[in-house]
Amino acid sequence: MNKFYLLVSKKWHTALCISLTAVLLGGCWDNRELNEIGITSGTAYDWNNNKWTITYQVINPLSSSGTMGSGGESNTPPFLTFTTQGASIMDAISHSNMTSVRQLFFAHSRMTVFSENLARKGITDVMDLFLRKPDARETVNVFISRRMGRDILDQLMQTSKNQGAGIQLMMQQEANLSSYYPGIRMFELAVNLASESHCATIPEIKLTGNEIMDSTQEIEVTDLPSRLELGSLAVLKNDRLIGWLSVKEAFGLTFLTNQIHSASISIPSDPKKGEVKDSSFSLLHSKTKVKPKWENDHFVMDVNVRGGGTLLQLSGDVDLNKSGEIEQLEQNINKEVLAYIQESWSALQKLNADATGFATLVHRKYPRRWKQIKAAESWDKEFRAIELRPHVSMKIERFGLGSKSFKSIENE
Amino acid sequence: MSTSQPGRASQSNNSGPESVPSSRPLMDSLEDNLSEMLRRLGASADIVVRRLDTEAGLPMAVVYIDGLINTDIINQSILQPLTNMFLQNEGKEAKGSTAEQLRARLLPIGQIQECKTFESAFSMLFEGHTLILMDGNKAVLSMDTTGWETRSINEPTSQAVVRGPKEGFTENLRTGTSLLRRKIKSPDLRIEEYKIGERTQTNIAMVYLKGITDDQILEEVRRRLNAIQTDAILESNYIEEFIQDGKWTPFPTIQNSERPDAVAAGILEGQVALLIDGTPFALLTPATFFSFFQSSEDYYQRYDVASFLRMIRILSFFVSMMLPALYIAITTFHQEMVPTPLLVSLAAQREGVPFPALVEALVMELTFDVLREAGVRMPRAIGPAVSIVGALVLGQAAVQAGLVSAAMVIVVSFTAICNFVIPSQVISNALRLIRFVMMIVAGVLGLFGITSFLMFLMIHMAGLSSVGVPYLSPVAPMTPRYLKDVFIRAPQVLLKIRPKLAAKQEAYRQAQISKTNPSHDSSNKGGQSP
């Protein structure tokens, strides 16, 4: 009896010790209360005068606390920004603890901005930091700003209290609805830069005006003198910014890289009567297939773009019931898209940046030749020699109720 | 009429520490018997002794306890015949002993027994029987004159249903067994009676269906009942604690019910019911974890509705168990899991709350339990005041004062409401305990802690059993054919077999085919062979 009791109590002691140890070792070391963390919604990295400048945008929970009994909306800004400087990134980050009351919490960060200076210097350091830091999210959207990154973070947005999320949403909407260029996330950037072509594109975010709207009083107007806007597309090669694509050129690139969701294309209804783009076509689906071919001494890229959509707007004397009219319009659309692609291609060739990812395609199709190219480091040369053969075939699937434009009905 | 002898009563009080009287035979003399009885009973005011001393030389005494008997029966069926007998003086010419004569001819009463010892006489007396002591007789006659005040059959208060029988057990054991008899009119329904409790001598009825309940289970319940040695049984929980399996578990392994229909349903599935005199709550054993989520109303409404409601109950069980813990874990450890707008709003609410989330939750949960306890104990008239104080002062004002966050009030109240959804009180009370442990574990270890604790709970529950039936059956051990009545309530036509948990064999409770195609066969013959 006594022996049994001893045995049991020993067992219990062991169990107790183990569980206590488990609790004490695994316990609340990483416990952080909500009111001790600074929820960061965006960061900006600048490189100025051989110094890193990092700006954090921290959500200010007080501004959204309508129910806290303090009575209604307070006038505090929805987020606060603060900037730290340092000789290295970590130096700057550790300085942040000297200025912030709260422990910065990056899991909800939605966007990060690199300044043009930094992008020209090279973004490897920042990329490495993002990929290494446990609480940094690789899903943040990346942008490039021609101004200081912090200017972008200071700017208040209307209808979005969380500006970081607002910018991300703006990017997503753009990519979905007009597809001029897709947004890019940190991991996609890393993947693209590490791919065979070593090129990536990052959208630009810019202010429309020169003023920065950074006071809550200033956003109490309906039309801000300065807003955030997506600008052109930055092209990076080997982690360095080497040039910009205009929106039009970026649009062509989106076709080349098969990233179109839906877009609207303006076309002339009758090319004979001049180049006035008086009609528009809404592209609802599009697919691009690129086939590399080796011809004699250079690569040829067979680009096949197929798509379809709705005719949204029609001007001029067009009667869709007449045979050939729809085909004519489709031809116009094809021509338009072709022009985008060509424009984009020539811009890319001028930059000599393979943002289209053709290198990967070539690698896949001609692995042996790729080995040679890689050994000779001659892809740049090959890329310049590439001949693009784009074929576009767009289909008008629907054109609404009337077969004639309203203008032509009016004229009758 | 009544004689009280304070002098003798005081003697009995000083009769020593031995409280349990040993069995003692009755004596010859009426006076001796009577005085011994009165000595043992003391000077209790409710003991009535009616002496019938006559010239005929046949001294008798009628003894009963006022309040337990029906005065009409005593007056009309005992005292009247006896006094008449003396008037007519019939005793002389009759054959046989006086006792036999009384029994055979004079007393128009259904149950008459003879008691040879004081103890048996007392136990009869306390059950409301009337004793007749006769001079020169070593036995007393005991007549069933029971007729104490009982509560009428009311609607069950703790397990109300919208549709279904509105009758509930009362404190009277006999009423309880009669209610069951009325539901199950089968000769196989067996009622075994036990007397448990040295002092209270409480009657306990064990009700089961012979041929359906597993014999091993019956034997085990009998054994456990017989093993009880205690002073008093005042409520069914006394029995429950004595016969339940796991002593160190918050989970109940015995069901209780106030509803005869629920108990009858249990008996029909092979469970053993225990009715305890003096309490309207009957016990049902063996009980599995999932039987606590079955409400008798499930079977009184359409199966689709019932299934949905049952799933809601099971969901509420988990919500009630884990919601505060999840809130604590997520807001203090895993903020990345919350969508940003919600996180910002939570952070805004927690602005200025001086306590960590764990303390906040513990305080609110404790407050709620206090409120709930207060609400239960309150007299009806001031009951609503509690809820007003609880809702307004502790809810709204605590948030405005910045003591707790609004989200926490939502979490706590939703948890509480989910707790009320569970039809069984015992399991929702168990949940209240588990919830606190869960909250502390979540506050220390986060989601990791919640998961480990859940695993611990699962292991613990899988190890439990109720009178030999695994507690988690039919889920663990998994028996798919019995799952029709666990998470859902399948249509009656599909519930063909009795769950084998407690039943002897999985007998069919319906004809094999109880549904016939009306277009082919309008006379609806059940049991056609396929």
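As a basis for the values below, the full set of heavy atoms in this structure was taken, side chains included, without hydrogen atoms, waters or symmetry mates. Note that the structure is a prediction, hence the values are computed from the model and not measured.
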Nearest heavy atoms of [X] and [Y], plus distance in Å:
| X | Y | answer |
| --- | --- | --- |
| A:Glu33 | B:Pro356 | OE2-CB, 3.2 Å |
| A:Ala107 | B:Glu336 | CB-CB, 3.4 Å |
| A:Pro61 | B:Ala348 | O-CB, 3.2 Å |

Does [atom1] belonging to [X] count more than 12 external heavy atoms closer than 6.0 Å?
| X | atom1 | result |
| --- | --- | --- |
| A:Met90 | CE | yes |
| B:Phe448 | CZ | no |
| B:Phe414 | CZ | no |
| B:Phe420 | CZ | yes |

Show your working on side-chain contact (heavy atoms from CB on, under 4.5 Å) between B:Leu343 and A:Leu34 and close with a plain yes or no. CA-CA 9 Å; B:Leu343 184 73; A:Leu34 276 182; 3.6 Å; yes
If you round to the nearest 0.5 Å, how far is CZ of A:Arg32 from CZ of B:Phe333?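 Atom-to-atom, B:Phe333:CZ and A:Arg32:CZ are 9.0 Å apart.
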Return the CG to CD distance between A:Asn35 and B:Gln349, rounded to the nearest 0.5 Å.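 Reported to 0.5 Å precision, the distance equals 11.5 Å.
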Any donor-acceptor N/O pair, A:His108 side chain to B:Val338 backbone, under 3.5 Å: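 Side chain of A:His108 to backbone of B:Val338, a donor-acceptor pair under 3.5 Å: yes, one is there.
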Does any backbone or side-chain atom of A:Asp30 lie under 4.5 Å from a heavy atom of chain B? Answer side chain, backbone, both or neither. both
What part of A:Phe105 is in contact with chain B, defined as an atom under 4.5 angstrom from a non-hydrogen atom: side chain, backbone, both or neither? side chain
Below 4.5 Å, heavy atoms only, C-beta onward: do A:Ile59 and B:Thr340 meet side chain to side chain?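 Touching, per the 4.5 Å side-chain cut-off.
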